[in-house]
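Inspection log for the structure reproduced underneath, given as structure tokens.
Below, all heavy atoms of this structure are taken into account, side chains as well, without hydrogens, waters or symmetry copies. Nothing here was measured: the structure is a model prediction, and the numbers come from that model.
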Amino acid sequence: MIFLVVDAAYERAFAAIDSDSRNEMLVLVLVLVLVLALALADETGTTVLGCLQATYIPGLGKHGAERALIEAVRVRADRRGAGLGRELIKRAVERARERGCALVQLTSNKRRTEAHRFYASLGFERSHDGFKLAL
């Protein structure tokens with residue numbers, strides 16, 4: 001069994017996500033129920049199988065439409081290939097539609113070719129090259 005120790009930095013990040021109505025964390029737990037949660041496991045020992053963060057961004061593009069940004073998509077290594085990532089992304093897209101978002105976007109490291117095939121299989125298309133500046 002894999003256990004993740006949540007340190008103070010993660011606790012601050014979870015608190016910031018929880019307090020911001022434009023951020024959600026979707027968590028898929030062992031009972032295969034998708035919940036909006038901010039804990040990696042509760043007191044009853046629920047096992048997290050996967051999670052992602054969705055951020056809803058207002059913008060001037062697409063005639064002022066909101067967009068959803070999916071980040072930090074994670075599925076337990078021992079559970080990959082069982083459709084859990086597909087279910088997480090599907091639920092995140094549904095949430096974006098419910099909010100009236102005009103599009104869903106995500107980024108993926110250029111070296112993660114398997115992830116790129118996965119996202120393409122879900123209907124995502126390559127559209128931009130991204131740039132980052134470490135601070």
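Taking the side chain to side chain contact (heavy atoms under 4.5 Å, CB included) definition, one finds that R117 meets it with T113, E114, sequence neighbours left out. Listed by chain and residue number, R95 satisfy the salt bridge (Lys or Arg N to Asp or Glu O under 4.0 Å) test with E98 (two or more places apart in sequence, or in another chain). Residues passing the side chain to side chain contact (heavy atoms under 4.5 Å, CB included) test with A115 are S108, R112, Y119, sequence neighbours excluded. For the salt bridge (Lys or Arg N to Asp or Glu O under 4.0 Å) test, no residue two or more places apart in sequence or in another chain qualifies with R86.
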Output a table of donor-acceptor pairs, distance under 3.5 Å, between side-chain atoms of residues 126-135 and any protein atom two or more places apart or on a different chain; print 'none' if there are none.
residue : atom : partner : partner atom : Å
R126    : NH2  : H116    : ND1          : 3.0

Which pairs of donor and acceptor atoms, one on a side chain in residues 58-67, lie under 3.5 Å apart (sequence neighbours left out)?
residue : atom : partner : partner atom : Å
E66     : OE1  : R99     : NE           : 3.3
E66     : OE2  : R22     : NH1          : 2.2
E66     : OE2  : R99     : NH2          : 3.3
R67     : NH1  : Q105    : OE1          : 2.8

Pair R76, V48 - check side chain to side chain contact (heavy atoms under 4.5 Å, CB included), show working.
CA-CA 8 Å; R76 281 177 51 136; V48 172; 5.9 Å; no
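The nearest pair of heavy atoms linking A96 to V104 is CB-CG2, 3.7 Å.
To the nearest 0.5 angstrom, E24 atom CD is 10.5 Å from D18 atom CG. Annotation: the span from L88 atom CG to I70 atom CD1 amounts to 9.5 Å, rounded to 0.5 Å. Once rounded to the nearest 0.5 Å, the distance linking CG of L106 with CD of E71 reads 9.5 Å. Atoms CD1 and CE, from I17 and M25 in turn, are 4.5 Å apart once rounded to the nearest 0.5 Å.
The hydrophobic clustering, which links ILVMFWY residues whose side-chain heavy atoms are closer than 4.5 Å, places L84 and L122 together.
Taking Ile, Leu, Val, Met, Phe, Trp and Tyr as hydrophobic and joining them when side-chain heavy atoms fall under 4.5 Å apart, one finds I57 in a cluster with L69. In the hydrophobic clustering, where aliphatic and aromatic side chains (Ile, Leu, Val, Met, Phe, Trp, Tyr) are joined below 4.5 Å either directly or transitively, Y56 stands alone.
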